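In this text, all values refer to a predicted model and were calculated from it rather than measured experimentally. Scope of the values below: all heavy atoms of this structure, side chains included, with no hydrogens, waters or symmetry mates. When a ligand or atom number is given, it counts from 1 through the structure's own listing order.
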Amino acid sequence: MKLENKVAIVTGGGKGIGAEICLSLAKEGAKIVIAEMDIESGKNSQKRIIENGGDAIVVETNVADEFSVNNMAEEAVKKFRKIDILINNAGIRHINNILDHTKKQWDEMLSVNLTGPYLCCKAVIPYMIKNGKGKIVNFGSIASFMGRPDRVAYVAAKTGVLGLTRALAVDLTGKNINVNTICPGLISTPFNQKFAEDPVHGEAWGKETIVGRWGVPSDISGAAVFLSSDDSDFINGSEIKIDGGWLAAKTRKGELEN
Ligand SMILES: NC(=O)c1ccc[n+]([C@@H]2O[C@H](COP(=O)([O-])OP(=O)(O)OC[C@H]3O[C@@H](n4cnc5c(N)ncnc54)[C@H](O)[C@@H]3O)[C@@H](O)[C@H]2O)c1
């Protein structure tokens, strides 16, 4: 097992990509702290981990709130005595054209998607320094690399995550802490269920990828395990795009269908 005796915090670990990452890390031997706002989903994720022979706790957490995030780190250390891995997965998205996009939506999205990872890193880094090693995985998106319609704050926040990752990696020089970003493409989760199921756009979006389909959470969790393990010790301040090739190709309708 690649993560035996490691302790991992996964924000937003109750649903979607986060829940799958929790299970994958646990199967590699890590003890899991599910940092969730939605306690019910956190408990479901915990149950799945325990049924698979793992160990996990749920800590009610709002990543946008500094007090809550500090409590998350303290509860993790109280239960498991250290923190080795932080997966900054929690994220939200409002879809609204700039003309209707409210300042409240902007503030919310920046707070959860960009300030959240900053606060979580700030809270756990002292424990990682004490350990002599640490792994941080932030979550960007294909929206970290291009504009997407009606998503000004989401694109701005997810582009900011790449900068946060690089700046933190540099700040932590000599501390043996790796900070990297995973940038998913279209992944079928509660986050975008309505698009995945849309009879017109759902299939068409899948075909925008080279692979020709939407992704599923298990398409992402392997990379999270890799970036949490010693196998990725020479990867720092970097990002992995997991998008079925969406960003690698600009295609016209029908071009990839042969
Ligand atoms: N699904 C996709 O297609 C896709 C694409 C690109 C990037 N992403 C990114 O991947 C990450 C996970 O996405 P997902 O599709 O699994 O989302 P999801 O909505 O299915 O799950 C997100 C989880 O985060 C939790 N959460 C939300 N706000 C929180 C907060 N303030 N504090 C703590 N927990 C909070 C939710 O309760 C939920 O359980 C997000 O950062 C998202 O932006 C997803």
Verdict with reasoning, E108 to Q105, per side chain to side chain contact (heavy atoms under 4.5 Å, CB included): CA-CA 5 Å; E108 242 183 89; Q105 290 175 329; 5.5 Å; no
Residues that, via side-chain heavy atoms closer than 4.5 angstrom, fall in one hydrophobic cluster with V211: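 Answer for V211: none, a lone residue.
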Amino acids in close contact with ligand 1, where any non-hydrogen atom sits under 4.0 angstrom away: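 Shell around ligand 1 (4.0 Å, heavy atoms): G12, K15, G16, I17, E36, M37, D38, T61, N62, V63, N89, A90, G91, I92, V112, F139, G140, S141, Y154, K158, P184, G185, L186, I187, T189, P190, F191, N192.
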Distance-only side-chain donor-acceptor flag, K6 / S228, under 3.5 Å: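 No.
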Euclidean distance, Y127 OH relative to I129 CD1, rounded to 0.5 Å: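 Result: 12.0 Å between the selected atoms.
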Where at least one partner belongs to residues 156-200, residue pairs that pass ring pair (Phe, Tyr, Trp, His ring centres under 6.0 Å), sequence neighbours excluded: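 Found F195-W205.
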Contact list for residues 53-75, test side chain to side chain donor-acceptor pair (under 3.5 Å), sequence neighbours left out: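 As it turns out, the side chain to side chain donor-acceptor pair (under 3.5 Å) pairs with a partner in residues 53-75, which skip direct neighbours, are E75-K78.
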